[in-house]
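One structure below.
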2 protein chains.
Amino acid sequence: MATIRDIAKLAGVSVTTVSRVLNNHPYVSDKKKEAVLKVIEEINYKRNIHAVHLSKGFSNLIGVVLPKIDHPYFSSIVEGISEEAIKHHLQLVLFQTNYEPAKELEALELLRGTLLDGVIFCSRAISFDVLKEYKNAGPIVLCEDSDQSHFPSLSIPHEQAFQFGLDYLISKGHTKIAFTLGRMEGPNSKKRRKAYKTKMKELGEPIRSEWIFDKCLSITDGKQLMEKLQHLEKKPTAFFVTNDQVAAGILLSAEQYKIKIPQDIAILSFDNQPIADIMGITTIEIPIRKMGKLAVQSIIHCKEKREQTNKKMTLPFRLIERKTV
Amino acid sequence: MATIRDIAKLAGVSVTTVSRVLNNHPYVSDKKKEAVLKVIEEINYKRNIHAVHLSKGFSNLIGVVLPKIDHPYFSSIVEGISEEAIKHHLQLVLFQTNYEPAKELEALELLRGTLLDGVIFCSRAISFDVLKEYKNAGPIVLCEDSDQSHFPSLSIPHEQAFQFGLDYLISKGHTKIAFTLGRMEGPNSKKRRKAYKTKMKELGEPIRSEWIFDKCLSITDGKQLMEKLQHLEKKPTAFFVTNDQVAAGILLSAEQYKIKIPQDIAILSFDNQPIADIMGITTIEIPIRKMGKLAVQSIIHCKEKREQTNKKMTLPFRLIERKTV
DNA sequence: TTGTATGCGTTATCAG
DNA sequence: CTGATAACGCATACAA
């Protein structure tokens with residue numbers, strides 16, 4: 001492989017001049033610049049990026065940590081991240097973790113090893129205490145509704161949004177409300193549970209643990225939910241679900257159980273993905289792509305200012321009324 | 001940041017010994033090894049990965065090129081790739097291209113610049129001639145039904161599969177068959193078109209260009225298709241569509257047009273994603289995740305043997321009969 | 001405007 | 001088993 005030294009020799013200049021040309025620095029005479037460019041073209045030179053990284057001390061690579069890329073919520077975030085990253089000439093390194101802490105740590109270790117200029121956690125399983133150990137490893141941003149003040153975070157206000165949704169269901173006459181969560185112990189789920197508890201207390205309704213369904217993320221989970229519903233002694237009149245996928249699963253299997261929506265059961269979900277539009281699902285929109293973009297901007301901000309921010313960024317949500325409530 | 005030199009000094013050994021310990025080389029006395037490990041632990045040393053990469057000449061990073069991550073087909077491939085990559089301690093660098101050649105070239109340039117140890121094209125827009133220029137840059141694998149013999153490729157036999165699907169529709173009494181494609185000029189689409197042409201000729205049916213729909217990829221595209229169908233003078237009795245998403249879109253909007261499936265129109269699609277199961281879509285299964293896994297294995301093979309293979313790998317497909325034909 | 005010399009942090013070579 | 005030293009390829013103070 002040819003190096004800048006080879007180029008320098010062939011073009012009759014110094015390596016510095018070659019480097020300057022390569023990096024579009026000023027103070028290079030047109031003549032020499034041309035000579036260098038010519039040689040580069042001739043021998044089809046490409047610079048060794050590892051050497052650039054080592055020398056500069058950074059890489060333009062950022063890590064994206066998520067449990068599963070094959071889910072609309074996460075692939076939407078990544079799409080947002082990707083769009084913004086391209087603008088800033090950043091490359092994305094994907095960490096599909098299945099919520100295994102070891103995999104999440106891998107990303108953090110690479111951050112510390114300076115392979116990554118920053119890490120975006122779309123969701124996480126590792127504890128806060130572990131995360132804090134990497135506080136100084138580089139920029140980290142969390143896409144979750146977080147109360148901590150160590151890392152920047154990015155989310156809709158889940159508690160408020162969930163309360164808002166409950167109020168909407170209540171305004172439609174529902175008091176018997178069941179709900180689903182993606183991951184019971186996830187930060188966002190905790191907020192949702194809290195909102196539920198508060199609101200049920202207000203209503204004077206009991207908290208029925210059998211009306212809280214964990215690990216509901218996919219369209220398949222929604223379908224299975226309908227089966228579980230059959231075995232419920234006391235049935236709710238409304239379902240407030242994790243996301244549009246779950247809602248879609250419910251809708252698609254409602255017919256076989258002779259359940260009419262919204263007459264028998266109302267469905268309210270989160271996200272507002274295309275499927276919600278097509279199936280007429282009433283949902284609370286989350287600006288998922290926007291979250292991705294802001295996450296990248298946050299990383300860049302930390303990188304440029306060389307400072308660790310811990311800004312909590314709250315994004316707006318809004319109700320999209322359609323036909324399931 | 002601490003370096004191995006610091007460690008060496010603190011532990012009273014040479015940098016070589018430190019390096020040996022770091023890389024689990026033999027021929028290090030337990031005593032020195034322990035001393036080194038102790039210092040490493042104490043100062044919380046992490047090695048600089050750029051330096052490792054520069055020194056070793058490779059990076060354990062592979063590029064994944066795709067138009068859009070937010071589509072079940074592509075996120076499934078990536079999931080397969082990811083699963084296999086983890087086993088081999090490879091990290092994935094994502095290139096979301098929107099089929100812009102410049103973005104695809106970026107991945108290839110990084111391959112040439114040795115940042116990437118290999119590149120997997122899940123789909124591509126650049127021409128073959130351009131691609132060939134990177135033949136020697138490193139391992140490249142194509143997830144497409146390809147006739148070329150320069151790069152390894154990985155796909156179901158699209159022409160055969162499409163013929164098979166047509167035969168199935170024909171066996172069910174259909175001869176008026178329309179179809180959709182993701183990208184008219186994509187390699188896989190070309191095969192499908194070819195199969196269609198052949199089969200229609202056999203049947204003595206004319207090729208109606210208005211029965212061929214391009215750019216159908218998403219659930220939304222499927223929905224729009226139903227609207228377009230209304231304006232067709234002569235209507236088909238069956239639709240053979242790009243993937244399950246399109247099929248789902250059709251099914252979900254059929255009702256509003258008072259179209260019964262399969263009575264009025266039969267639907268056959270590709271992929272066999274979860275939504276096909278839930279909606280009862282008859283589909284031709286493509287082992288998408290498997291493709292991702294094999295792609296990684298192919299890259300690794302090239303890397304290890306230091307040889308460019310050009311093996312064309314053909315994966316099996318199979319019909320999943322459900323309720324739409 | 002140009003070039004020399006040195007640093008970036010690790011691994012590999014080879015002599016001991 | 002151990003260590004000095006030379007790569008790896010580029011960027012950049014500093015000197016000219």
Side-chain angles (χ1 to χ4, degrees), chain A residues 1-37 39-40 43-61 89 109-117 137-138, chain B residues 1-37 39-40 43-61 89 109-117 137-138:
Chain A
M1 264 299 171
T3 73
I4 52 171
R5 264 179 273 272
D6 299 328
I7 312 253
K9 205 168 286 174
L10 288 170
V13 300
S14 73
V15 290
T16 310
T17 302
V18 177
S19 179
R20 288 207 174 98
V21 172
L22 247 24
N23 294 288
N24 283 316
H25 276 293
Y27 306 133
V28 182
S29 68
D30 287 350
K31 199 173 149 193
K32 297 213 171 189
K33 187 170 181 175
E34 214 169 296
V36 169
L37 253 19
V39 174
I40 286 179
I43 67 173
N44 196 12
Y45 163 83
K46 294 295 159 185
R47 64 178 140 183
N48 182 312
I49 298 171
H50 300 308
V52 177
H53 290 340
L54 174 59
S55 188
K56 291 210 176 194
F58 62 84
S59 63
N60 290 325
L61 251 38
H89 300 287
E109 285 297 336
L110 290 177
L111 178 66
R112 180 134 67 190
T114 72
L115 176 67
L116 303 176
D117 289 351
Chain B
M1 265 298 172
T3 73
I4 52 172
R5 261 178 275 270
D6 300 327
I7 312 251
K9 205 167 288 174
L10 289 170
V13 301
S14 73
V15 290
T16 310
T17 301
V18 178
S19 180
R20 286 207 176 98
V21 173
L22 248 22
N23 294 287
N24 284 315
H25 275 292
Y27 307 135
V28 182
S29 68
D30 286 349
K31 199 172 150 192
K32 296 214 171 187
K33 186 170 181 175
E34 215 169 294
V36 169
L37 252 20
V39 174
I40 286 178
I43 66 174
N44 195 13
Y45 163 83
K46 293 294 160 188
R47 63 178 140 186
N48 182 310
I49 299 171
H50 300 308
V52 177
H53 290 340
L54 174 59
S55 188
K56 291 211 175 197
F58 62 84
S59 63
N60 289 326
L61 251 36
H89 300 286
E109 285 297 335
L110 289 177
L111 178 66
R112 179 132 68 190
T114 71
L115 176 68
L116 303 176
D117 289 351

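Letters A, B, ... mirror the listed sequences (proteins, then strands); counts begin at 1. Quick caveat: nothing in here was measured; it's all calculated off a predicted structure.
Applying the 4.0 Å criterion to OP1 and OP2 of D/dC1, one finds that B/K31 has every side-chain N and O outside that range. A close approach under 4.0 Å does not occur between any side-chain nitrogen or oxygen of A/K33 and OP1 or OP2 of C/dT1.
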>> For a quick check, with a 4.0 angstrom heavy-atom cut-off, what is the B/S/- contact string for nucleotides 8-16 of chain D, read 5' to 3'?
In response: BBBBBB---

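Between B/H53 atom NE2 and C/dA12 atom P the separation is 14 Å, expressed in whole Å. For B/E34 and D/dC1, the CD to P distance is 15 Å, given to the nearest whole Å. B/K9 places its NZ atom 12 Å from the P atom of D/dA4, with the value rounded to the nearest Å.
The shortest non-hydrogen separation linking B/T114 to B/S59 is O-OG, 4.1 Å. The shortest heavy-atom contact between B/V15 and B/R5 is CG1-CG, 3.5 Å.
Closest to the B/V13 side chain, of the nucleotides D/dG3, C/dT2, D/dT2, is D/dG3.
When the shell of 6.0 Å around NZ of A/K46 is examined, it contains more than 12 heavy atoms from other residues, nucleotides or ligands. Other residues, nucleotides and ligands contribute over 12 non-hydrogen atoms within 6.0 Å of the CG atom of A/N23.
Rounding to the nearest 0.5 Å places CG of B/L110 at 4.5 Å from CD1 of A/I49. Between the CG atom in B/L115 and the CG atom in B/L61 there is a gap of 5.5 Å [rounded to 0.5 Å].
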